Amino acid sequence: MAMRPCAAVSVLDRSAIEHPWDLAPEKARALQSRLAQHVVCADAIDPVGHIGGVDIGFEDGGDTTRAAVVVVKYSPEGPPFEVVEQVVHREPTRMAYVPGLLSFREVPAALGAFAKLETQPELVMVDGQGIAHPRRLGVASHLGLWLDLPTIGVAKSRLCGTHASVGEHRGDWTPLEHKGERIGAVLRSRVNVKPLYISPGHRISFDSALTWVVRCLYRTKLPEPTRLADRLASRRGPIN
DNA sequence: GCGACAG
DNA sequence: ATCTTGTCGC
């Protein structure tokens with residue numbers, strides 16, 4: 001199977017790129033293809049002291065977008081991890097949900113939340129796909145590119161690609177592929193629960209993406225960073 | 001043309 | 001994602 005060629009390690013100069021967030025679907029798709037060229041799916045990670053979890057929720061019948069970011073202190077001893085910071089950022093929703101264009105709807109708010117963060121994590125896990133996307137630019141990749149941080153896509157369902165059946169034991173996984181390319185892995189994070197779709201977002205390899213997610217698995221289907229962000233985004237968890 | 005389709 | 005109550009199971 002063809003391994004997806006990764007762009008050379010280089011920092012994208014965001015200030016030099018024309019990037020409106022309210023593009024028409026056709027324009028947005030074209031921009032995704034361009035940006036995907038800058039995604040790096042090889043490890044370029046600093047020592048991980050803190051891990052961030054990101055998720056987006058909506059209010060006012062969808063008129064308001066609510067971004068939640070939770071930062072936990074990583075410990076080699078494993079979870080549970082100490083929560084060191086939680087941020088919620090709200091702003092008007094920019095565009096409707098269109099399959100494949102999720103990042104244009106969620107990344108702006110996520111960036112707003114990161115701007116309010118005091119403790120910047122060295123690794124970020126995002127609720128959604130990384131490169132396991134038709135044009136290889138899921139929300140995790142798009143966000144990672146704009147934050148210039150290593151990110152991992154942790155999705156609860158499939159957007160594209162095919163895969164063999166996944167083993168039933170915790171930790172079992174099978175590769176996810178699309179058009180002859182490896183785009184991620186389907187992971188059984190818990191027994192008797194639908195598997196997770198893991199893919200590199202930016203600045204991380206397939207192996208590391210999977211390894212980090214497994215390291216953050218505790219007692220639920222989702223890894224801790226994403227589980228905590230999910231609770232915060234859906235206003236069920238602590239807003240302390 | 002007919003389905004599939006992250007959150 | 002969100003709208004919504006109770007309910008089955010570990």
Side-chain angles (χ1 to χ4, degrees), chain A residues 21 25-26 28-29 32-33 35-36 39 53-70 88-113 124-146 151-163 166 168-170 176-179 181 183-202 209 213 218-223 225-237:
Chain A
W21 294 96
E26 195 45 47
R29 295 189 187 94
Q32 289 184 317
S33 295
L35 295 178
V39 171
V54 186
D55 189 34
I56 276 65
F58 297 89
E59 304 173 351
D60 309 327
D63 292 338
T64 299
T65 298
R66 180 181 58 251
V69 176
V70 175
V88 171
H89 170 75
R90 276 169 242 261
E91 61 174 62
T93 298
R94 308 213 179 202
M95 55 180 267
Y97 168 69
V98 175
L101 299 182
L102 187 66
S103 62
F104 286 86
R105 177 174 164 82
E106 304 190 337
V107 171
L111 292 175
V124 178
M125 296 188 7
V126 185
D127 189 306
Q129 316 288 350
I131 65 169
H133 174 281
R135 289 168 294 284
R136 309 293 181 262
L137 196 84
V139 299
S141 298
H142 205 157
L143 181 63
L145 216 44
W146 242 242
T151 57
I152 299 172
V154 181
K156 299 183 291 297
S157 64
R158 184 193 69 89
L159 172 59
C160 71
T162 59
H163 63 84
V166 193
E168 54 187 47
H169 301 298
R170 185 179 201 251
L176 176 63
E177 36 190 277
H178 179 59
K179 293 185 174 179
E181 297 180 342
I183 58 173
V186 187
L187 172 71
R188 185 74 69 185
S189 57
R190 294 295 285 172
V191 176
N192 293 321
V193 172
K194 291 202 308 176
L196 252 28
Y197 290 74
I198 311 301
S199 60
H202 183 47
V213 169
Y218 188 40
R219 329 174 85 164
T220 58
K221 169 181 180 175
L222 299 176
T226 292
R227 181 184 71 80
L228 294 168
D230 247 76
R231 287 180 25 168
L232 192 57
S234 62
R235 10 170 71 180
R236 282 178 297 110

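Labels below follow one simple rule: chain letters A, B, ... track the order of the sequence lines, proteins then strands, and each chain is numbered from 1. None of these values were measured; they are calculated from a predicted model.
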Seminar exercise, completed: Taken to the nearest whole Å, CG/A/L137 to P/B/dC5 is 21 Å
For this session: Calculate, to the nearest 0.5 Å, the distance between atoms CE and CD belonging to A/M95 and A/E106 respectively.
Result: 10.5 Å
Problem set entry | Pairwise distance OG(A/S199) to CG(A/L159) - rounded to 0.5 angstrom | 9.5 Å
Problem set entry | Minimum side-chain heavy-atom gap A/K194-A/V186 below 4.5 Å | no
Problem set entry | A/R158 vs B/dA4: side-chain N/O to OP1/OP2 distance below 4.0 Å | no
Problem set entry | Gap between atoms CD1 and C1', on A/I183 and B/dA6 respectively (whole Å) | 12 Å
Exercise. With a 4.0 Å cut-off on heavy atoms, is A/V139 in touch with a base, just the backbone sugar-phosphate, or nothing at all?
Worked result: base
Problem set entry | d(CZ, A/R29; C1', B/dA6) in whole Å | 15 Å
For this session: Round to a whole Å and report the spacing from CZ of A/F104 to P of B/dA6.
Result: 17 Å
Exercise. In terms of heavy-atom contacts, does CG of A/N192 have more than 12 from other residues, nucleotides or ligands at under 6.0 Å?
Worked result: no
Exercise. Taking the six-membered ring for Trp, is the centroid-to-centroid distance between A/H202 and A/W146 below 6.0 Å?
Worked result: no
Seminar exercise, completed: Rounded to whole Å, CZ of A/R190 lies from P of C/dC10 at a distance of 14 Å
Exercise. Atom CG of A/L159 to atom C1' of B/dG3: distance rounded to whole Å?
Worked result: 14 Å
Restricting to nitrogen or oxygen on both sides, can you table the protein-nucleotides 1-6 of chain C pairs closer than 3.5 Å?
from  : atom 1 : to     : atom 2 : distance (Å)
C/dA1 : OP2    : A/K156 : NZ     : 3.4
C/dT2 : OP1    : A/F58  : N      : 3.3

Problem set entry | Side chain to side chain, A/D127 and A/D230, heavy atoms closer than 4.5 Å | yes
For this session: Whole angstrom is fine here: how far is it from OH in A/Y197 over to C1' in B/dG7?
Result: 15 Å
For this session: Assign A/L196 to base, sugar-phosphate, or nothing according to its heavy-atom contacts below 4.0 angstrom with the strands shown.
Result: nothing
Seminar exercise, completed: Rounded to whole Å, the CZ-C1' distance (A/R219 to C/dC10) equals 12 Å
For this session: Would you say whether A/Y97 stacks on B/dG7? The test is a distance between ring centres of less than 5.5 Å and an angle between planes of less than 30°.
Result: yes
Exercise. Between atom CG of A/L101 and atom CD of A/Q32, what is the distance when rounded to the nearest 0.5 Å?
Worked result: 5.0 Å
